[in-house]
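Notes follow the structure.
Each chain gets a letter, A, B and so on, in the order the sequences are listed, and its residues count up from 1. Bear in mind the structure is a predicted one, so any value in this text is a computation, not a measurement.
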Amino acid sequence: MSDVIDELEFLQSEEGHDEKRAGLSPGSIVLLIGIVAVAAVFGVMLARQNQTQPESGAAPNFSLTTFDGTTYNLADLRGKVIVLNFWASWCGPCRVEAPDLQTTWEKYRDRDVLFLGVAYTDTETGAKAFIAEYSQTYPNGMDLGTRISEAYNIQGVPETFVIDQQGNVAQFFYARVTVDSLSAVIDRLLASG
Amino acid sequence: MLAEFGSVSLLLALVAAVYAIIAAVIGARRQSERLILSARNAALLTCPLLIAASLTLLIALVSGEYQLSYVWSTSDPNTPLFFRITALWGSQKGSILFWSTLMSVFAAAALLINWRSQRRLMPYVTAYMMATLAFFLVLNIFYENPFERWWLYEGSDVSWQATGLTDSQQSDITRALGGIGIESSEQISAQVAGITCVDSNRASEIKQVLQGIGIISVVETSPSGCVGQSIFPPEGGFSPTATRLAETAQGLNPLLRHFGMIIHPPMLYLGFVGFVIPFAFAMAALASGDLSTNWIKATRRWTLVAWLFLSLGLILGGRWAYDVLGWGGYWGWDPVENAAFLPWLVGTAFLHSVMIQEKRGMLKVWNMFLVIGTFSAVIFGTFATRSGLIDSVHSFARSEIGFPMFFFWSGITLVSVGLILWRWNRGELKDDHRFMNLLSRETLFVLNNVVFLLLFVVIFWGSFGAPVVSELFLDTNITLGTDYFYQVTPALFIALYVLMGIAPLSAWGATSLSRLGRSMLIPGALTAGVLVLILLSGMTDPGVLVGYGVVTLAGFVAANEIYRGVSARMRGLGENPLQAFLSLFARNRRRYGGYTIHIGVTIIGIGVIGSTLFQQETQRTLSVGESLDIGGYQMTYLGFQPGQVADDGRIMDIATVAVSRNNQTLAEIRPRRDFYPGSEGMNSSTIAGAYSTVENDFYVLLVDWEPITARSATFKVYINPLINLVWWGGLILIIGTLVAAWPAETVPAALRERRFTGKQVKARARA
Amino acid sequence: MKNTWIVVRGLLLACFLLVVLPAAAQNLTITDDDVNAIAKQMYCPVCENIPLDVCGTAACDQWRGEIRTQLEQGYTEEEIITDFINRFGERVVGTPQDPLLRAVSLVTPWIVGLVMLIVVVLNFTRWRKPRPVTTAPASITDDVYRDRLEADLKTRR
């Protein structure tokens, strides 16, 4: 009982002050909204930073100009299986997977399959030397302004995405690919498409 | 055993903290003495519990209990004892535990020291401190638990042929597996699909489901052992053998194996957690309605202590970067460095403006904002550097705690600001005095606050605002580097030094210009003298002259004030200079401690200007016996010792160079490259060699060398003028802060003031 | 004041480099220092926030090699930086070169600062307005300590 009375007294004494202004002044409201806005921006940014590479769903569109001057636009390539490989000439594991990529390319080049190599933060000289060294014949190009790698949220190189005939990501390889692992995915897509 | 003990201590600490919050709030509402005391005891209990948890982890680290994945990832059998101890804060999980422990120590100290004098505030203080602690304990228990162990357990792999499946078959599989709670990401894909390490019941369940949709080629295999990480053993789990664990252990991050890194993080953490106390008191004042200066009186020393540690942490961090990161400087305006600098800026603004409230009862709302801003900046910095919000060299790895920390930061900021506004709108935070005169100490302090906050804004914008805004709204990734900061901050720093020169000479209430001018006479003349000396030395760059003029003026003002105090005592009391000096400081710790800090900051300023504007650098490839000239020095490449193995297993490639001046050899220094076999990621570090004098540092980095023979090597050489002043100024700043924060004898204010110069006392005695 | 001065000096320097460097570059051998002078202003995405001249990764090595090649080909500092931005995006430089981004980066903090100053000044004038009911007028100087110090220093001269 006495507890309840204490509670009531507490409430009364609090209300005693509250006679002048109810609600917040415009300045206060602006301040609070400002804080919420700043927090929201950082929250969205955090969510964005926590985004990982797309593993399914529509593949982000991109356009890649290769070293021979051709421009490939993902949107124009429906009906083909696309193997999008991110690499750099300074990267060790990329050197290991380069021959596998070339072998797989040769295996499927006459079917509805296109390999696209994207050189990430690489120099043109370095990239071209790399392509020559591993005699790669599929189209390769520089990731101008790192736009493609940002769209695909890559964390490093090598990373490979296989995009199906409808333009969806069918498979994402975080580590290096092999002839077998890549062929399996391409076979599956070709069979179903 | 250790892991269980540690986990249980952590959990009990969380229970105690949560209980303390509830008991304190209910106790305060019902004015129940018993509940409030109980809350206090529970809050005090978190301290021994967390110390026990930290000690447990420490014992595990020292004794090499590699089954604990934290120990496994931060040490290996080659790690010397010293680094085993420092590994306690060497990685995310341990450092959160360490941080929580420090916070509970601070909380316990505040509860014990301030309990009697601040009875009305204490229940709320308890609740706020424990709420913060509880949050970090939740992180530590549920997200980043340092007591997780490695386990092996029996399990089966289920796999099936995935080649040649049609798309619809593939999606059937995904759907069927999803039906029994298996995400598609758990499957190993490509040629053979499969699910690893499930128990036998689960395996047969999967088999059935798959066969049910017509996949016949399902195979169940038993691997040698599945590996998992958890606190308590999974069913049928057993621990891996000690030798295997020891063999695979990773060792401490190479960059952290340095003296500066050993004390830099604890200092920084002490600074960070220290600010929880002024924050909790301010919040308690708002919540309880006791809006007098009580909370400020109770916390000013705590604020100084926190500020002391934060400053020390920043200085040591600079030293660490200078010695280990190998880029010739101590401050790179990296987001992580800035994240620690931001609370320092707001905290320093608070330290100044709080004096206005103490002396004049003004700026009550403003001070609340500042103390909340400081704590909010602390939490923001922790959040930004530990969540992967901003990529940076020395941030912690991306982790799960991003969102919890984000919500804690935004929640705590909103609630606190809401509370202030609520009290303010009720008219309970009215100032006792108004600003009388434009030229008064309070006005200058307000200006000082504005400049500090402007610095906060431009640095915050550069490190976090601009990159985030441009990525979200302009879809471009940008970094603002040193040149941004060199463009926007110098003007503000100069303004700060100008205020630092004038403010100490002004008086509360109002100051006349003529009086200000008179007190400026001696420091002004001294500064003019310094400028003439600089001009005579051939330096005519106006930027340099302005910079040095302003900085030295601030220092001379502080020094002159101390001198005047000493001579007043000498005249008034006939004390000898040393006596007068000591008792002047003893009687007016805060005032003269403050002046000492100003002198320290001046010396740092001189060092920073010198090492920034006059840095020289060159990079050259030298053959053995060849030499290069830079800044009046000559450096000769003497020889190379490759592959030296140190005690802790690292391999050092060391070059030896001789530094000489006027054909006189001054020193032989040995820049080197350390390589850490076995550690992942960044596995080498460039350790500079330096020859230090008051005038400058001759700083050499080993960039590259000709493979095997090392007949020639590439060096990057920096001349960093006056850089040692940065460290010495830092030392003086620390001493000044210690003087200001040292507990004084409790003498009633009236008596203390009378005792100041002794003049009045003597006069009365004569009369 | 100081800022504008720095900017002006920077511009002058840039003009000077534009005029002098191309001519000089063709016949001089490129030293590490020439490369570093440019690399210092750049950041490579592989090592965040470490300037290119002191970043130790293989990618950075390659970038520095690229700068050297371009210097040997007679490119100016500005051309090299613009080229790197085109290839790798705005984040390779410490301050974005794109006019919009540059303006946003450099001007926003000052706008925020200006707003802060205006708020402070407004509050200040409001504080200074005497209230209708004033408390006892404070003495001109409330600073007991300073007064006593000054008095002490004066008397015994």
C/E90: partners by side chain to side chain donor-acceptor pair (under 3.5 Å), with sequence neighbours left out |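 For C/E90 there are no side chain to side chain donor-acceptor pair (under 3.5 Å) partners, ignoring immediate neighbours.
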State, to 0.1 Å, how close A/M142 and C/R87 come at their nearest heavy-atom pair, and which atoms those are.
->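 That would be CE-CD, 4.4 Å.
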Minimum heavy-atom distance between A/G126 and C/Q62, given as atom pair plus value |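 Answer, listing the atom of A/G126 first, then C/Q62: CA-NE2, 4.5 Å.
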Chain A contacts, top residue of C/G89, C/A59, C/A58 (heavy-atom pairs, under 4.5 Å) |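 Heavy-atom pair counts peak at C/A59.
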Should the heavy atoms of other residues, nucleotides or ligands under 6.0 Å from CZ of A/R111 be counted, would the total exceed 12?
->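 Counting neighbours around CZ of A/R111, 12 or fewer heavy atoms of other residues, nucleotides or ligands fall under 6.0 Å, so no.
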Which of residues 60-87 of chain A have a heavy atom under 4.5 Å from any heavy atom of chain C?
->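 Against chain C, none of the residues of residues 60-87 of chain A fall inside the cut-off of heavy atoms under 4.5 Å.
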Members of residues 144-154 of chain A whose heavy atoms come closer than 4.5 Å to chain C =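 Only A/L144, A/G145, A/T146, A/E150 of residues 144-154 of chain A have a heavy atom under 4.5 Å from chain C.
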In chain order, what residues pass the salt bridge (charged side-chain N to carboxylate O under 4.0 Å, His left out) check against C/D61, with sequence neighbours excluded?
->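 Partners of C/D61 by the salt bridge (charged side-chain N to carboxylate O under 4.0 Å, His left out) criterion, ordered by chain and then number, come out as C/R64.
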Between CG of A/D122 and CH2 of C/W63, what distance do you get to the nearest 0.5 Å?
->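 Answer for the CG-CH2 pair, A/D122 versus C/W63, is 10.0 Å.
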